[in-house]
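Protein chains get the first letters and strands the later ones, always in sequence-line order, with residue 1 at the start of each.
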2 protein chains.
Amino acid sequence: MFSKTCEYAIRASIFIAAQSYQDKRVTIKDIAENIDSPKSFTAKILQILAKKEIVHSIKGIGGGFEIPKENIKRINLAQIVIAIDGDSIFKSCGLSVNHCCDQHPCPLNKKFKSIRNDLAKMLDSTCLEELVLDVNSGESFLI
Amino acid sequence: MFSKTCEYAIRASIFIAAQSYQDKRVTIKDIAENIDSPKSFTAKILQILAKKEIVHSIKGIGGGFEIPKENIKRINLAQIVIAIDGDSIFKSCGLSVNHCCDQHPCPLNKKFKSIRNDLAKMLDSTCLEELVLDVNSGESFLI
DNA sequence: AAAGAAATATGATTTAAATCATATGAAATA
DNA sequence: TATTTCATATGATTTAAATCATATTTCTTT
Ligand code: FES
Ligand code: FES
């Protein structure tokens with residue numbers, strides 16, 4: 001479904017948000033340990049997220065990553081997915097036949113379109129906050 | 001969504017079925033040309049499909065691949081996807097957190113489950129026949 | 001039986017994704 | 001200002017997916 005990079009990005013974002021929610025800033029090491037991801041790979045991914053202003057990074061002693069509380073409500077999964085994997089999951093043909101569903105549709109175009117729309121709707125309507133609450137209440141896990 | 005291998009497998013199956021529907025047997029070359037896929041890679045994929053009895057292969061002069069007409073109705077997309085990519089798309093966690101949705105769910109488990117169920121239902125309820133009719137009537141394309 | 005046309009089997013190569021490693025830059029604190 | 005702790009930048013390596021190449025087997029036709 002998503003690339004591994006994107007999965008790490010989502011899990012990392014949720015973890016950072018969950019900690020920020022409790023006013024805790026986290027380092028790359030913390031993140032990698034808590035979402036079980038390779039540390040330097042995670043660092044690379046976080047740089048992308050920082051550039052796209054999905055996470056906020058602070059250098060130096062006491063630094064790390066955080067997501068300002070106001071943003072935890074605002075950031076949704078679609079933003080993260082697009083930042084990492086681009087919008088191909090929303091736009092490209094499920095059979096790689098074309099640029100999808102125009103004059104030259106593949107045989108699955110209608111069926112795919114509907115599933116992709118559901119996926120898009122889901123990603124768009126799911127903000128970090130609700131996921132964070134689940135994780136912090138111990139209902140769901142990142143590892 | 002699917003691996004490239006799986007996309008080729010689906011497109012090849014639809015093409016073979018579309019030709020078998022008109023009592024035409026096709027060679028690997030035909031297939032590769034008509035679905036725009038690398039020839040020897042396609043050959044490999046067809047071997048898998050032949051072993052799983054999704055396509056029928058005939059060696060020697062005049063040989064090639066076909067799908068018996070009775071089977072065009074019976075074969076659905078789920079069978080092809082499972083033959084190539086396995087059932088991970090149905091069963092594995094969208095965030096690669098675990099074996100999905102048991103005692104240890106990831107934060108997206110509910111939302112993912114619903115989308116995956118829709119996908120599974122779609123793949124299961126879509127047989128080759130309806131796709132073939134679309135292609136043969138010129139409503140949709142494999143290339 | 002021989003020749004040709006097809007699939008089959010297998011292995012090598014290429015490409016892209018994922019991972020690892022290391023040097024550099026910025027902020028804090030002592 | 002020196003040192004430490006963190007992120008940043010960059011490049012190398014590994015792994016897996018995709019692609020390419022070729023020898024072998026099977027069947028048909030003559
Ligand atoms: S054309 Fe294939 S999914 Fe839209
Ligand atoms: S646990 Fe993650 S999708 Fe089921």
Side-chain angles (χ1 to χ4, degrees), chain A residues 1-13 15-16 19-20 24-33 35-67 81 83-86 88-89 92 95-96, chain B residues 1-13 15-16 19-20 24-33 35-67 81 83-86 88-89 92 95-96:
Chain A
M1 185 85 85
F2 304 128
S3 67
K4 220 136 213 298
T5 312
C6 190
E7 290 177 359
Y8 290 142
I10 294 173
R11 305 209 321 248
S13 299
F15 176 69
I16 298 168
Q19 298 304 108
S20 293
K24 289 180 194 151
R25 189 179 286 166
V26 289
T27 69
I28 290 176
K29 187 161 169 285
D30 291 334
I31 298 168
E33 280 170 0
I35 70 168
D36 188 30
S37 65
K39 203 179 114 188
S40 7
F41 191 32
T42 307
K44 254 181 196 169
I45 298 169
L46 287 169
Q47 284 170 49
I48 301 173
L49 296 179
K51 282 220 180 87
K52 308 260 179 175
E53 296 182 333
I54 289 167
V55 302
H56 181 217
S57 81
I58 301 98
K59 284 183 172 181
I61 293 176
F65 292 89
E66 62 187 22
I67 300 181
V81 170
I84 303 295
D85 282 350
S88 69
I89 197 169
S92 72
L95 295 182
S96 294
Chain B
M1 184 85 84
F2 305 129
S3 67
K4 222 135 212 296
T5 312
C6 190
E7 291 178 359
Y8 289 143
I10 294 173
R11 289 200 271 151
S13 300
F15 176 68
I16 297 169
Q19 298 303 108
S20 294
K24 290 181 194 151
R25 189 179 285 167
V26 289
T27 70
I28 290 176
K29 188 162 168 284
D30 291 333
I31 298 168
E33 281 171 359
I35 70 168
D36 189 30
S37 65
K39 204 179 113 186
S40 8
F41 191 32
T42 307
K44 253 181 196 167
I45 298 169
L46 287 168
Q47 286 171 48
I48 301 173
L49 295 178
K51 280 220 179 86
K52 308 260 180 174
E53 296 181 334
I54 289 168
V55 301
H56 181 218
S57 81
I58 301 98
K59 284 184 173 182
I61 293 177
F65 293 88
E66 62 187 22
I67 300 181
V81 170
I84 303 294
D85 283 348
S88 69
I89 197 169
S92 72
L95 295 182
S96 295

- prompt: Hey, what do you get for CG (D30(B)) to CZ (F15(B)), rounding to the nearest 0.5 Å?
  reply: 6.0 Å
query: Under the side chain to side chain donor-acceptor pair (under 3.5 Å) test, which residues partner D36(B), sequence neighbours left out?
result: none
- line: Interatomic distance, CD1@I54(B) vs CG@L46(B), rounded to 0.5 Å, equals 11.0 Å
message: Test of understanding: with side chain to side chain donor-acceptor pair (under 3.5 Å), list the residues that count as partners of S40(A), not counting sequence neighbours.
response: none
task: Determine which pairs satisfy salt bridge (charged side-chain N to carboxylate O under 4.0 Å, His left out) with at least one residue from residues 39-61 of chain B, sequence neighbours left out, and list them in order.
output: none
query: Mind checking whether M1(A) and C6(A) have side chains closer than 4.5 Å, heavy atoms only?
result: no
query: Closest nucleotide of DNA chain C for G62(A) versus for F65(B): which of these residues is on the 5' side?
result: F65(B)
query: Between dC6(D) atom P and K29(A) atom NZ, what is the distance in whole Å?
result: 9 Å
- prompt: 5'-most contact on DNA chain C: T5(A) or I58(A), nearest heavy atom basis?
  reply: T5(A)
message: Using every non-hydrogen atom in the two residues, find where I45(A) and A9(A) come nearest and quote the distance to one decimal.
response: CG2-CB, 3.7 Å
field: Separation of atom NE2 in H56(B) from atom C1' in dT26(D), rounded to whole Å
entry: 13 Å
task: Rounding to 10 degrees, work out the angle separating the end axes of the helix from dA1(C)-dT30(D) to dA30(C)-dT1(D) (five pairs an end).
output: 0°
- prompt: Just by distance, do the side chain of D85(A) and the backbone of S3(A) share a donor-acceptor pair under 3.5 Å?
  reply: yes
task: Mind checking the CZ-NE2 spacing from F65(A) to H56(A)? Nearest 0.5 Å is all I need.
output: 10.0 Å
field: Where S96(B) and E7(A) come nearest, the two heavy atoms and their spacing
entry: OG-OE1, 2.5 Å
task: Determine, stepwise, if the pair K29(B) / E33(B) fulfils salt bridge (charged side-chain N to carboxylate O under 4.0 Å, His left out).
output: CA-CA 6 Å; K29(B) 188 162 168 284; E33(B) 281 171 359; 3.4 Å; yes
- prompt: Rounding to a whole Å, what distance do you find between I61(A):CD1 and dT5(D):P?
  reply: 6 Å
task: Walking along DNA chain C from 5' to 3', note the first and the last nucleotide with an atom under 4.0 Å from a heavy atom of chain B, and give both.
output: dG4(C) to dA12(C)
task: May I ask you to list the residues of residues 36-53 of chain B, by number, that have any heavy atom positioned under 4.0 Å from an atom of DNA chain D?
output: P38(B), S40(B), F41(B), K44(B)
